[in-house]
Amino acid sequence: MAKIFCVANQKGGVGKTTSTVNLAAGLAKVGQRVLLVDLDPQGNATMGSGVDKRQLELSVYDVLLESASIHEAAIFSEKCGYHVLGANRELAGAEVELVDLERRDQRLKAALEVVDNDFDFVLIDCPPSLSMLTLNGLCAAHGVIVPMQCEYFALEGLTDLVNTIKQVHANLNPDLKIIGLLRVMFDPRITLQQQVSEQLKSHFGDKVFNTVIPRNVRLAEAPSYGLPGVVFDPSAKGSQAFVEFAKELVQRIPTL
Ligand code: ADP
Ligand code: MG
């Protein structure tokens, strides 16, 4: 059975997409069968996995509107070692088109049931909003991985996300929980970041992943080559951290 995780945070630019593509590549590297689902119309996770969003014949849009299956629409990225259900600007229209349809928030869940035995992990890159798209991700998932920067306002943003997850848990998806908080773009030289990191640990305990992702320029450069950092430069500190994170996640699965 595939473990399905959303990578979500209502803030933009916090490292959701970077975390999704690098975790996918890290998991693939340690032998896991991975499907990455891009739920953001920007298509950054698609491009960052070596799949050209402008050339997609079928995408997650077609899957949500039930005009294609995941088997038909997902593409295997040879370079990255995982499957990609891609997105592009067309997906922005799905928001409106889904409004009048039945089970509009359960479309992704239904589509994923068919491929449950084909993958060990499904990672869903969410857009930075609580839209019908994000809701489809949260309804399909067993849990949420929350990337966050250790900055002052990060904690405030977390309250909204935690409340959203509680609501979805209570009303739509009883399986849903926070899998863990991933500290990203971390710079240990900045005192405030250390302080926020400590606050996070005292507040959320073992819901904070042990692995910390450092701020690392190679991770930021990799998308312009259409690759996750883990593939683009495996020796970079940030890439190594993501492989460590993949191993930590695999180890945690039995305890979830
Ligand atoms: P989101 O998907 O939440 O909007 P992104 O993953 O696109 O965020 O990251 C925002 C920006 O920060 C991007 O330019 C990305 O390359 C950069 N970035 C993300 N993680 C790191 C990191 N660990 N070190 C350096 N830059 C990073
Ligand atoms: Mg993104």
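FYI, the numbering just counts along the sequence from 1. Just so you know, ligand 1 is whichever comes first in the structure, and atom 1 is the first atom listed for that ligand. Everything numeric here is computed off the predicted structure, so don't read it as measured data.
H142 and F5 have their aromatic ring centers separated by at least 6.0 angstrom.
For ligand 1 and L219, the ligand atoms under 4.0 Å from any heavy atom of the residue are 22 (C), 23 (N). Within ligand 1, counting atoms from 1 as listed, the ones closer than 4.0 Å to a heavy atom of V14 are 1 (P), 3 (O), 8 (O). Within the listing of ligand 1, atoms 22 (C), 24 (N), 25 (C) sit less than 4.0 angstrom from a heavy atom of N216.
Across G229 and S239, no two heavy atoms sit closer than the pair O-OG, 3.0 Å. Residues L176 and H169 approach most closely at O-ND1, 3.0 Å, considering heavy atoms.
The nearest protein atom to atom 12 (O) of ligand 1, hydrogens excluded, is given as M185 CE, 3.6 Å; this is a heavy-atom distance. Protein heavy atom nearest atom 7 (O) of ligand 1, with residue, atom name and distance: T17 CB, 4.1 Å. For atom 16 (O) of ligand 1, the closest non-hydrogen atom on the protein side is A220 CA, 3.3 Å.
Residues R215 and D187 are not paired through a salt bridge, judged by the lack of any N-O separation under 4.0 Å between the basic side chain and the carboxylate. Between E95 and R104 there is no salt bridge, since no side-chain N of the basic residue sits under 4.0 Å from a carboxylate O of the acidic one.
Between F76 and H83, the ring planes lie tilted relative to each other; the angle falls in the 30° to 60° range.
For atom 3 (O) of ligand 1, the nearest protein heavy atom is under 4.0 Å away.
Selection from N9, T20, V7, T18 by nearest heavy atom to atom 6 (O) of ligand 1 gives T18. Looking at A236, P214, P147, G13, it is P214 that brings a heavy atom closest to atom 23 (N) of ligand 1.
Side chain of D105 to main chain of N136: no donor-acceptor pair is present (N/O by atom type, distance under 3.5 Å, no hydrogens or angles).
Under the 4.5 Å side-chain contact rule for hydrophobic residues, I145 and L138 do not share a cluster. Side-chain heavy atoms closer than 4.5 Å link hydrophobic residues (I, L, V, M, F, W, Y) into clusters, and following such links, possibly through other members, connects L130 to M132.
Within the coordination shell of the Mg ion (ligand 2), defined by N, O or S atoms under 2.8 Å, N44 is absent.
At under 3.5 Å, a nitrogen or oxygen of K16, whether backbone or side chain, sits near a nitrogen or oxygen of ligand 1.
V184 does not count as a contact of ligand 1, since none of its heavy atoms falls under 4.0 Å from the ligand. The shortest separation from a heavy atom of P128 to ligand 1 is not under 4.0 Å, leaving the residue out of contact. Residue-ligand proximity: G15 is placed with a non-hydrogen atom under 4.0 Å from ligand 1.
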